[in-house]
Amino acid sequence: DTEVTQTPKHLVMGMTNKKSLKCEQHMGHRAMYWYKQKAKKPPELMFVYSYEKLSINESVPSRFSPECPNSSLLNLHLHALQPEDSALYLCASSQDSGLRTDTQYFGPGTRLTVL
Amino acid sequence: GQSLEQPSEVTAVEGAIVQINCTYQTSGFYGLSWYQQHDGGAPTFLSYNALDGLEETGRFSSFLSRSDSYGYLLLQELQMKDSASYFCSHKAAGNKLTFGGGTRVLVKP
């Protein structure tokens, strides 16, 4: 199984709503990532979890709150978002073996629209 | 800091060969990776170069010259399904992956 799954596929929310994005992998990977991608732009790294601990936060606003309940699951909690936060949110995972060839596997993404 | 530059768009016909160049500036080089992303889809890994030279995987090949801070992805025998965006990327310490701006490849019949 080389699949990373994400739910929901689409999400529309108001600026006062609280919602969560979910990501799951069963490849035994120990590193998981959240990226944000705007149309016609490359993915931008938001957070990295390594062995269930947050290792990188790319100065993301606090209205985005990541959570890693276990090594297979990654959540992104959303609260008081702005319209400019509308984007494709991608989850990825990798073995985190320390090797330079640590390939990242991406999920299909959640397309988020903030009204 | 990390930056990777690649052309924004390339158009070619079926059966042709396309080369997508990528120049980079990094502090600490771990290797250059290439990802493909179809519209509405997820990025998928294509290839990785840690050392100078050519890596071949089927119709796709990737090249790296560390002394020139330069690499390229070569797409041969282009097919319609190869229409997608292609990103070069660099992995830094801490599993941090930085992407180039992406090259949109349009294959015409």
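Convention: sequence-line order gives letters A, B, ...; per-chain numbering from 1. The figures that follow rest on heavy atoms only: side chains count, while hydrogens, waters and symmetry mates do not.
At a threshold of 4.5 Å between side-chain heavy atoms, the hydrophobic network of Ile, Leu, Val, Met, Phe, Trp and Tyr places A/M46 and B/Y35 in two separate groups. Both B/L73 and B/V105 are assigned to one and the same hydrophobic cluster, defined by single-linkage of ILVMFWY side chains at heavy-atom distances under 4.5 Å. Linking Ile, Leu, Val, Met, Phe, Trp and Tyr residues whenever their side-chain heavy atoms come within less than 4.5 Å leaves A/Y51 and A/F47 in two separate clusters. Hydrophobic clustering of Ile, Leu, Val, Met, Phe, Trp and Tyr side chains at less than 4.5 Å, counting indirect connections, keeps A/V60 apart from A/Y33. Hydrophobic clustering (ILVMFWY, side-chain heavy atoms < 4.5 Å, transitive): B/Y70 and B/V10 are in distinct clusters.
Contacts with chain A were tallied for B/S85, B/P43, B/A42; B/P43 has the most, counting heavy-atom pairs under 4.5 Å.
A distance of 8.5 Å separates CZ in B/F99 from CD in A/Q37, rounded to the nearest 0.5 Å. A/Q104 CD to B/S89 OG: the interatomic distance, rounded to the nearest 0.5 Å, is 8.0 Å.
Under the side chain to side chain donor-acceptor pair (under 3.5 Å) criterion, the residue pairs touching residues 100-109 of chain B are B/Q6-B/T103, B/D39-B/R104, with sequence neighbours excluded.
The environment of A/K38 atom NZ is dense: over 12 non-hydrogen atoms of other residues, nucleotides or ligands sit within 6.0 angstrom. Counting heavy-atom neighbours within 6.0 Å of A/E52 CD, excluding the residue itself, gives a total above 12.
With sequence neighbours excluded, no residue forms a side chain to side chain donor-acceptor pair (under 3.5 Å) with A/K18.
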Can A/V48 and B/K96 be said to form a side-chain contact (heavy atoms from CB on, under 4.5 Å), step by step?
CA-CA 8 Å; A/V48 180; B/K96 182 174 176 178; 5.7 Å; no
Decide yes or no on side-chain contact (heavy atoms from CB on, under 4.5 Å) for B/L97 and A/Y35, but give the supporting numbers first.
CA-CA 10 Å; B/L97 200 63; A/Y35 290 85; 3.3 Å; yes
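Chain B is approached within less than 4.5 Å, heavy atom to heavy atom, by A/G107, A/P108 from residues 107-115 of chain A, ordered by number. Among residues 65-89 of chain A, the residues having any heavy atom closer than 4.5 Å to a heavy atom of chain B are, in sequence order, A/L88.
In this structure, the portion of A/E58 lying under 4.5 Å from any heavy atom of chain B is its side chain and not its backbone.
Minimum heavy-atom separation, A/P42 to B/G101: CD-O, 3.9 Å.
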